Amino acid sequence: LYLVDYHVHTKRCGHASGADREFVEAAIQKGLKEIGFSDHIPRFYEPDNGKRITERGMPRSDIDEYVDSVIKLKTEYQEILVKLGLEADYAPGWEEALLPLVESYPWDYISGAVHFIPEWDYGYISHYKDRDPAEIFAAYFNLVAAAAESKLFDILAHIDLPRRFFPRLSAPEMNELYQMLAIRLGKTGTIVELNTFGVRSSKQSDVGVFPDEPLLRFCRQQGLNVTIGSDAHSPKDVGADFDRATRLLTTVGYNRIVTFSSREPGLVKWQSENT
Ligand SMILES: [Zn+2]
Ligand SMILES: [Zn+2]
């Protein structure tokens, strides 16, 4: 198999553990062909109206050392490809603050992620408990689509993350939202991440992989390609539940996944050893 884990955090973000090297060692143990670090970007947005903020990123003073550490691991390991990525929040209106971070380092890819609804506040979506899930899903998907349309990102992470905390709407309602999202994403040609975090961290039962299978089917209908990430916050979770991800790839009909080098995408057949 040619599998990659493109969503791995480091202790710099403050809510992960383990040495960088241990993530690489874990990926080798699991037989992965590539491991991509994509730690949380330092906070680049400063809403001025006292809105709630949930700090998730590495301190800005850590980013040079983060990049250096990953680049060192790239040359040190011959048995696996190590990629330098970043998980960047999508915060409309703050593009000018984001761009210097994106342009100043030799990233292999930038993953765009929605963790909050800036119109409401900048706190993690899990606290929107007083809101109607229909409103949360609609707002979230709108931001994910806008993130793709911004062309700031190479990959979109966990595109239906609210499922981690909020129950699905009825199938017809969900499908309508899914289809609208997939159509907007399809026009951008963005890469969609299969993220296995939901399998092990869900607050709801049966959340499975992000995206939900019906959503992934719509994405495939729109011609979108995919990559894979575990969202590991500790070395033991590198490649976690990738059997679920590959089963989903097979079910939906994806023979190939996307890899990145220097922000250039490439397609590999994941069932074979070589490309
Ligand atoms: Zn995190
Ligand atoms: Zn994330």
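What's counted below: heavy atoms across the whole structure, side chains too, no hydrogens, waters or symmetry copies. This structure is a prediction, so every number in the text was calculated from the model and none was measured. Whatever order the structure lists ligands and atoms in, that order sets their numbers, starting from 1.
The shortest non-hydrogen separation linking His9 to Ser38 is CE1-O, 3.4 Å.
Shortest distance from the Zn ion (ligand 2) to His158 is reached at NE2 (N/O/S atoms only).
Scored by the side chain to side chain donor-acceptor pair (under 3.5 Å) test, Glu34 finds Tyr2, Tyr6, Lys83 as partners (sequence neighbours excluded). The side chain to side chain donor-acceptor pair (under 3.5 Å) test applied to Tyr178 returns Asp212, not counting sequence neighbours.
Of all protein N/O/S atoms, those lying under 2.8 Å from the Zn ion (ligand 1) come to 3.
In summary, the side chains of Arg164 and Ser201 do present a donor paired with an acceptor at a separation below 3.5 Å, with no hydrogens or angles considered.
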Using a 3.5 Å cut-off and no angle test, enumerate the donor-acceptor pairs between side-chain atoms of residues 92-104 and protein atoms at least two apart in sequence or in another chain.
{"residue": "Trp94", "atom": "NE1", "partner": "Tyr122", "partner atom": "OH", "Å": "3.3"}
{"residue": "Glu95", "atom": "OE1", "partner": "Gly93", "partner atom": "N", "Å": "2.9"}
{"residue": "Glu95", "atom": "OE2", "partner": "Gly93", "partner atom": "N", "Å": "3.4"}
{"residue": "Ser104", "atom": "OG", "partner": "Pro100", "partner atom": "O", "Å": "2.5"}

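A heavy-atom distance below 4.5 Å is found between the side chains of Leu169 and Pro133.
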